[in-house]
Asker: 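First the structure, which I've put down as structure tokens, then a few questions once you've had a look.
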Number of protein chains: 2
Amino acid sequence: MAQAKKTSKAKKPAQDTKPAQVKKASEVKKVVQKRKTASERKTEIIEATLQLSDEQGPDRLSIEAIAIKVGISQPGVLRHFPKKQDIWEAVANHLISMMSQRWEKILSSDMSPIQQLRALTSAQLGLIQATPAIPAILLSRELQADNKILRNTFFVLMKGFHGHINRLIAEEKSFRKGLDPADATLLIVGTIQSTALRWSISGRSFDLVEKGEHLLKVLLDGFIHPPTK
Amino acid sequence: MAQAKKTSKAKKPAQDTKPAQVKKASEVKKVVQKRKTASERKTEIIEATLQLSDEQGPDRLSIEAIAIKVGISQPGVLRHFPKKQDIWEAVANHLISMMSQRWEKILSSDMSPIQQLRALTSAQLGLIQATPAIPAILLSRELQADNKILRNTFFVLMKGFHGHINRLIAEEKSFRKGLDPADATLLIVGTIQSTALRWSISGRSFDLVEKGEHLLKVLLDGFIHPPTK
DNA sequence: TAAGTTAGTAAGTACTTACTAACTAAGCAA
DNA sequence: TTGCTTAGTTAGTAAGTACTTACTAACTTA
């Protein structure tokens, strides 16, 4: 019987502000509701949250907005994540796995320290370019104030990142003697962060990865020991 | 979420259903109301906003919270700034004048370029240390999304800052030949920004000015041309 | 195919928020 | 004193907000 009954399905929430459903409206015959599996929806919700966080800011994002973007009702979102905080937790875990996954791949390669350093930077910038909401989310009060556990998780994660960079610098032979790896780490990570932030605020007015790689090169040039002519 | 319950000062229970008129207030006089001038209050409101922005985040700050901090009612705040946006405008203008004032003083001094560079950095970090809400406000959606004019004003301001740094670098003779002043500017400003941000997030766990000055020194060491031994 | 599970909805609760209206009284000047 | 200006109040509105309740219909499986 496939889809015999539809009854009064076409009831849309009153606050239609966006085109939203592209597929349904285009069909001549009424389409039966397409239910998705919970895990599909969860993924959709996480992706919608990332997109909307970028557009509106994480602290201004309402469940309603996410629901509209996904194309379901607001309580529909809450079915999958009973509390709003749960959405942020899922988003954060998503980001964390994205990051550490990329780092692992680079760190387990056989590149030279300085090459790994460059690769880590490019990977991080590339991820931000693909997911521009990252800086805003990491700095959001949603994480910084409301969720201590998650904030700590990120703290540990970043500490790990610093640790990797620090080790790579210490291993690299071409750097000048007086250079403190801890200082160099802060300068490198700071360059990544500030470039990403400037890219965000400027409305993506330049190529993030390209610019970041260039600035890292200039920075690293200053770390290399002077040629003993 | 949401705390800051009402607890408003001098709240007398109005539920007395006495037949008396509402205007019979002559006998109730107990506290001598302390009225302040508008400009005094405005200053207080701006300062309260800066403090609370630091504690709660600019995007989460309510007029009510400001009112409680200042010690008047919520509409009392709106008397001085009819729209919430007006508060942000005043805060931003306050910050702008604080910054440019400090810069002017340094730039009109007779220090060497590299000394001015260091002084600008220290001044900027010192201002942030004294007014920790600055980074959060500059990055807030309140400014970045809601107030295009103000965002542009800040953009111009920061462009000016970059310009000053850029010029000082170009003037400084001890830097290596290949160094592009524009790149160096981004690295210096980036170091200031990222250090300030890290200081904020870490809960002020180190001395901002001291750390920033140190990192700048390490960075500038890399800019200096190698000693022709 | 009947029966249970679950994605989804409409309607509503309780609360916060920016902003308004109408009034009160402090402070000043004649 | 009188009278004006204005900092401040209480009381209220309309629009959001996260979250709940009670139900429905699509899907799954025995």
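The figures that follow rest on heavy atoms only: side chains count, while hydrogens, waters and symmetry mates do not. Residue numbers start from 1 in every chain, and the chains themselves are labelled A, B, ... in the order their sequence lines are given, proteins ahead of strands.
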Asker: Taking side chain to side chain contact (heavy atoms under 4.5 Å, CB included) as the definition, give me every residue that meets it alongside B/Arg79, ordered by chain and number, with sequence neighbours left out.
Answerer: none
Asker: How close or far is atom C1' of C/dA22 from atom CG of B/Leu78, stated in whole angstroms?
Answerer: 16 Å
Asker: Find the distance A/Lys84:NZ to D/dG16:C1' and express it as a whole number of Å.
Answerer: 11 Å
Asker: Taking the basic N atoms (NZ, or NE/NH1/NH2) and the acidic carboxylate oxygens, is any pair closer than 4.0 Å for A/Glu89 and A/Lys84?
Answerer: no
Asker: Applying side-chain hydrogen bond (donor to acceptor under 3.5 Å, both in side chains), can you list everything that pairs with A/Gln101, at least two apart in sequence or on another chain?
Answerer: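 Residues passing side-chain hydrogen bond (donor to acceptor under 3.5 Å, both in side chains) with A/Gln101: none at all.
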Asker: Does the side chain of B/His80 get closer than 4.0 angstrom to OP1 or OP2 of D/dT6 through an N or O atom?
Answerer: no
Asker: Output the rounded distance in Å from CD1 (A/Ile68) to P (D/dA18).
Answerer: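 The answer, rounded to whole Å, is 12 Å.
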Asker: Between A/Ile63 and A/Arg79, who's closer to the 5' end of DNA chain D by nearest nucleotide?
Answerer: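 Here A/Ile63 is the residue nearer the 5' end.
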Asker: Would you mind reading off the distance between A/Leu61 atom CG and D/dG16 atom P, rounded to a whole angstrom?
Answerer: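 After rounding, the gap between these two atoms is 15 Å.
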Asker: When you compare the protein's N or O atoms with those of nucleotides 12-15 of chain D, which come within less than 3.5 Å of each other, and at what distance?
Answerer:
none

Asker: Under 4.0 Å between a side-chain N/O of B/Lys83 and OP1 or OP2 of C/dT20, yes or no?
Answerer: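 Result: yes.
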Asker: Test of understanding: with side-chain hydrogen bond (donor to acceptor under 3.5 Å, both in side chains), list the residues that count as partners of B/Trp103, not counting sequence neighbours.
Answerer: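 Once residues adjacent in sequence are excluded, the partners of B/Trp103 under the side-chain hydrogen bond (donor to acceptor under 3.5 Å, both in side chains) criterion are B/Gln124.
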Asker: Tell me, please, which residues at least two apart from A/Leu216 pass side chain to side chain contact (heavy atoms under 4.5 Å, CB included).
Answerer: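 With neighbours one apart ignored, the set is A/Arg118, A/Thr121, A/Ile188, A/Leu220.
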Asker: Suppose we screen for side chain to side chain contact (heavy atoms under 4.5 Å, CB included). Which residues come up paired with B/Lys69, at least two apart in sequence or across chains?
Answerer: B/Ala48, B/Gln51, B/Leu52, B/Glu55
Asker: Output the rounded distance in Å from CD1 (B/Ile45) to C1' (D/dG8).
Answerer: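 In whole Å, D/dG8 C1' lies 12 Å from B/Ile45 CD1.
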Asker: For residues A/Phe81 and A/Val91, determine if any side-chain heavy atom of one lies less than 4.5 Å from a side-chain heavy atom of the other.
Answerer: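 SC-SC contact between A/Phe81 and A/Val91 ruled out.
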Asker: Let's see if you can work this out: which of D/dC19, D/dA7, D/dT9 has an atom nearest to the side-chain heavy atoms of B/Ile72?
Answerer: D/dT9
Asker: Once you round it to whole Å, what is the distance between C1' of D/dA26 and CZ of A/Arg41?
Answerer: 12 Å
Asker: Whole angstrom is fine here: how far is it from CG in B/Asp59 over to P in D/dT17?
Answerer: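 Atom CG in B/Asp59 sits about 13 Å away from atom P in D/dT17.
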Asker: Let me know the distance between CZ of B/Arg35 and P of C/dT24, rounded to the nearest Å.
Answerer: 15 Å
